[in-house]
Amino acid sequence: MNILVIGANGKIGQKIVNKIHSNSPHDAIAMVREESQRQQFEKKGIKTVIGDLEQDFSHTYEGNNAVVFTAGSGGHTGDDKTKAIDQQGAIKAIDLAVQHKYIRFMMVSAFGADFNPSEWPENMAAYYNAKSAADDYLQQTGLNYTIFKPGLLTDDEPKGKVDFGERTDERTGSIPRWDVADVLVKCLEAENTYRKSLELLSGPYRIEEAIENVK
C-alpha cells in the first residue's frame, strides 16, 4: 500500500511514518502543512506532500491507496479550530478516500469518543464531539476502516503490551504514543480489525496477541 499519513508531523504521526518506512513492506507518504517540515522525512528517503486540512488537499491523494488520519488541532487552540481540523478536516479526508476508492482508512480518535456526551469533561466537550462526529461519519462508509481510540497519551518508552478491543478490560488508563503507533502499523493488514472501532490502553497482552484476539 501507498499510505498517506495525515498529521505526519505530530507526535504519533512521526512515529507511524517511521515505523511504516522501516518495519513494513508498504510506503509511507508524509502529509505536512509547511515546507519546513519536509526535511525530517526526506532525509530518510520518505516521500512528503504539502497539504492543509483547512484548504483543498485533494492533490495529496493521487497515487496512494490507503490513509492514516492522525491529525489534531492540539490542546492550545479554540473550539473553532478543533472542529475545523478534528471533525471537518477528517470528514474531507474520508470523502476523498471514498472518491479515490482507497482500500484502507485508519483513524486515530480518542478513548471516550463514543461515550454519552454527559460523560465527557466539560472542558473537553468540543474535542470529543469533533472526534465522535468524524468517527460516526467514517462508520457510515464502505471503507475498510479501523478506528483506534487510545487513552491518555504519554511520551513514555514503549511497553509493548496493551489492552485492545471493542471494550477494554479497564475503563480508563494511558498508553505511550510509541505503542499506539506500533499497534496501528501492525493492524495495517489485519482483516479482523476492518470496520471496527477499538479502544486502546496499556495492558497485559503482547501487541500481536491483542490484535489476534480482536473478534
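The basis for the numbers below is simple: all heavy atoms, side chains too, and nothing from hydrogens, waters or symmetry mates.
- Counting only heavy atoms from C-beta outward, the side chains of Val108 and Phe69 never approach each other to under 4.5 Å.
- Looking only at side-chain heavy atoms (C-beta outward), Lys19 and Ser24 stay at 4.5 Å or farther from each other.
- Between Leu53 and Gly89 the shortest heavy-atom distance is CD2-O, 4.0 Å.
- The backbone N or O of Leu188 lies less than 3.5 Å from no partner atom in the side chain of His26, so there is not a single donor-acceptor pair.
- Contact detail for Gly13 and Val5: the closest heavy-atom pair is O-CG1, 4.3 Å.
- Rounded to the nearest 0.5 Å, atoms CD1 (Ile147) and CZ (Phe105) are 9.0 Å apart.
- Within 6.0 Å of atom OH in Tyr205, 12 or fewer heavy atoms from other residues, nucleotides or ligands are found, so the atom counts as exposed in its surroundings.
- Residues Trp178 and Val185 do not share a hydrophobic cluster, clusters being chains of Ile/Leu/Val/Met/Phe/Trp/Tyr side chains in contact below 4.5 Å.
- Counting heavy atoms of neighbouring residues, nucleotides and ligands inside a 6.0 Å radius, atom CD of Glu209 exceeds 12 of them.
- Environment of CD in Gln39: sparse, with no more than 12 heavy atoms of neighbouring residues, nucleotides or ligands closer than 6.0 Å.
- A donor-acceptor distance shorter than 3.5 angstrom exists from the side chain of Asn116 to the backbone of Ser118, with no hydrogens or angles considered.
- A continuous path of Ile, Leu, Val, Met, Phe, Trp and Tyr side chains, each step under 4.5 Å between heavy atoms, connects Ile85 with Met31, placing both in one hydrophobic cluster.
- Rounded to the nearest 0.5 angstrom, Gln40 CD and Arg38 CZ are separated by 12.0 Å.
- Two residues are said to be in side-chain contact when any heavy atoms from C-beta on lie closer than 4.5 Å; Ile175 and Leu153 meet this criterion.
- Proximity of the aromatic rings of Tyr61 and Tyr102 is defined here by a centroid distance below 6.0 angstrom, and this criterion is met.
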Point to revise | Verdict with supporting geometry, Asn18 and Lys44, side chain to side chain donor-acceptor pair (under 3.5 Å) | key: CA-CA 9 Å; Asn18 287 324; Lys44 298 176 183 177; 3.1 Å; yes
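- Crowding of Asp155 atom CG: a count of heavy atoms from other residues, nucleotides or ligands under 6.0 Å exceeding 12.
- Of the candidates Arg33, Gln14, Glu34, Gln14 is the only one forming a side chain to side chain contact (heavy atoms under 4.5 Å, CB included) with Asn9.
- Interatomic distance, Met106 CE to Leu143 CG, rounded to the nearest 0.5 Å: 12.5 Å.
- With rounding to the nearest 0.5 Å, the separation of CD in Glu212 from CD1 in Ile207 is 12.5 Å.
- For the residue pair Lys186 and Glu208, the shortest heavy atom distance occurs at NZ-OE2, 2.8 Å.
- Heavy-atom minimum distance, Tyr145 versus Lys196: CE1-N, 3.4 Å.
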Exercise for review: Determine, stepwise, if the pair Tyr128 / Asp86 fulfils side chain to side chain donor-acceptor pair (under 3.5 Å).
Suggested key: CA-CA 9 Å; Tyr128 280 111; Asp86 297 76; over 6 Å; no
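- Separation of atoms OG1 (Thr70) and CD1 (Ile12) is listed at 4.5 Å; rounding is to 0.5 Å.
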**Study point:** salt bridge (charged side-chain N to carboxylate O under 4.0 Å, His left out) assessment of Glu199 paired with Arg171
**Key:** CA-CA 9 Å; Glu199 296 178 343; Arg171 300 310 303 140; 2.6 Å; yes
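- Side-chain heavy atoms closer than 4.5 Å link hydrophobic residues (I, L, V, M, F, W, Y) into clusters, and following such links, possibly through other members, connects Tyr137 to Val98.
- Between the Ser132 side chain and the Ala113 main chain, a donor and an acceptor come within less than 3.5 Å of each other.
- Here the closest non-hydrogen pair linking Thr60 and Gly51 is CG2-CA, 4.2 Å.
- Side-chain atoms of Lys101 never come within 3.5 Å of backbone atoms of Ala97 as a donor-acceptor pair (strictly under, hydrogens ignored).
- The shortest distance between side-chain heavy atoms of Leu201 and Phe111 falls below 4.5 Å.
- In this structure, the side chains of Met1 and Ile103 come closer than 4.5 Å at one or more pairs of heavy atoms.
- Closest of all the heavy-atom pairs between Gly45 and His21 is O-CE1, 3.9 Å.
- To the nearest 0.5 Å, atom OG of residue Ser109 and atom CG of residue Leu138 are 9.5 Å apart.
- Salt-bridge annotation for Asp114 and Arg167: present, with a side-chain N of the basic residue lying under 4.0 Å from a carboxylate O of the acidic one.
- Contact of the Asn213 side chain with the Phe164 side chain is not registered, since no non-hydrogen atoms from C-beta on lie closer than 4.5 Å.
- Ion pair Lys81/Glu54 flagged as a salt bridge, since at least one NZ, NE, NH1 or NH2 atom sits closer than 4.0 Å to an Asp/Glu carboxylate oxygen.
- Comment: Lys131 does not engage Asp135 in a salt bridge, judged by the lack of any side-chain N to carboxylate O separation of less than 4.0 angstrom.
- Among the candidates Val68, Ile94, Leu184, the single residue satisfying the side chain to side chain contact (heavy atoms under 4.5 Å, CB included) test with Met107 is Ile94.
- Connection of Val49 to Leu96 is established within a shared hydrophobic cluster, with ILVMFWY side chains joined at heavy-atom distances below 4.5 Å, either directly or through further cluster members.
- With hydrogens and angles disregarded, no donor-acceptor distance shorter than 3.5 Å links the side chain of Trp120 to the backbone of Asn129.
- Within the 4.5 Å cutoff, the side chain of Asn144 has no heavy atoms near those of the Glu191 side chain.
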Practice item. Give the intermediate values and the outcome of side chain to side chain donor-acceptor pair (under 3.5 Å) for residues Ser174 and Thr154. Key: CA-CA 7 Å; Ser174 62; Thr154 75; 5.4 Å; no
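- Side-chain contact annotation: Arg104 with Thr146, donor-acceptor N/O pair under 3.5 Å present.
- Side-chain contact between Lys83 and Asp79 is absent, with no heavy-atom pair separated by less than 4.5 Å.
- When the shell of 6.0 Å around NZ of Lys161 is examined, it contains 12 or fewer heavy atoms from other residues, nucleotides or ligands.
- Asp179 places a side-chain N or O within donor-acceptor distance of the main-chain N or O of Lys159, the cut-off being under 3.5 Å.
- Both Val183 and Val17 are part of a single hydrophobic cluster, where members link through side-chain heavy atoms under 4.5 Å apart.
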